[in-house]
Amino acid sequence: MDLKSVLELLKAVDDTDLSKFELNDGDFSLKMERGTGESKTVYVTAPPQISAQIASGPVAAMPTAAPAAEAPASPATAEAPVQQESRGKEIVSPLVGVYHKLSEGKDVKIGDKLKKGDIICMVEAMKLMNEITMPEDGEITWVACEDGDSVEYGQLLFNYI
């Protein structure tokens, strides 16, 4: 779902007397709740490039919170929201393709301390495997993709500090 569609949807919902609205569309979800006062709460989960567009657009004036705040997270996913909030520096895909982690035992995980130039993953494009390397020394704080995921140009792959 693109930014224009999200903004049109927000305006359409705002023009109604609905007190709650929730939309789930693949990897994009939007939940809005209207209280008795003028304040509005908007929860958005989207791919990083869409989240950044939404946060910088007209919606940014409304208070936002992570979806994990609305319900207790299961123990298996309890770490994910914390890692997403403290992102640090980002490593993004330099091309469109398919994300591949490194061979077993060499794959990059949260907490790995890497040196500048270390290979962290591969992005396959047009049957060619392109090495993605660490831009500087750092520690991985979040892995955004699973093996075999399609990635877009500029899509977040890793966060590090």
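Hydrogens, waters and symmetry mates are skipped; everything else that's a heavy atom, side chains included, is used. We count residues from 1, following the sequence as given.
For the pair Met134 and Phe158, the minimum side-chain heavy-atom distance is 4.5 Å or more. At a threshold of 4.5 Å between non-hydrogen side-chain atoms, the residues Tyr99 and Ser150 do not count as touching. Taking 4.5 Å as the limit, every side-chain heavy atom of Thr133 sits out of range of all side-chain heavy atoms of Ile120. Using a 4.5 Å heavy-atom threshold, the side chains of Leu157 and Val92 count as separate. A heavy-atom distance below 4.5 Å is not found between the side chains of Ile91 and Asn159.
Sequence neighbours left out, not one pair with a member in residues 116-133 passes salt bridge (charged side-chain N to carboxylate O under 4.0 Å, His left out). Listed by first then second residue, pairs satisfying salt bridge (charged side-chain N to carboxylate O under 4.0 Å, His left out) with a partner in residues 140-151 number zero, not counting sequence neighbours.
Remark: Asp137 engages no residue in a salt bridge (charged side-chain N to carboxylate O under 4.0 Å, His left out) (not counting sequence neighbours). A search for side-chain contact (heavy atoms from CB on, under 4.5 Å) contacts involving Pro94 returns Ile132, not counting sequence neighbours. Among residues two or more places apart in sequence or in another chain, the salt bridge (charged side-chain N to carboxylate O under 4.0 Å, His left out) test is passed with Lys113 by Glu139. Not counting sequence neighbours, the partners of Val96 by the side-chain contact (heavy atoms from CB on, under 4.5 Å) test are Glu152, Tyr153. Partners of Glu136 under the salt bridge (charged side-chain N to carboxylate O under 4.0 Å, His left out) rule, at least two apart in sequence or in another chain, are Lys89.
The shortest non-hydrogen separation linking Val98 to Val151 is N-CG2, 4.5 Å. Between Lys109 and Asp112, the closest heavy-atom pair is N-OD2, 2.8 Å. Here the closest non-hydrogen pair linking Gly88 and Ile161 is CA-CG2, 4.2 Å.
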Note to self: For Thr141 and Ile110: C-alpha separation, side-chain torsions, deciding distance, then whether side-chain contact (heavy atoms from CB on, under 4.5 Å) applies.
What the structure shows: CA-CA 5 Å; Thr141 59; Ile110 295 172; 5.6 Å; no
Item checked: Cys145 and Lys101: CA distance, side-chain angles, deciding distance, side-chain contact (heavy atoms from CB on, under 4.5 Å) verdict -> CA-CA 9 Å; Cys145 298; Lys101 62 184 186 175; over 6 Å; no
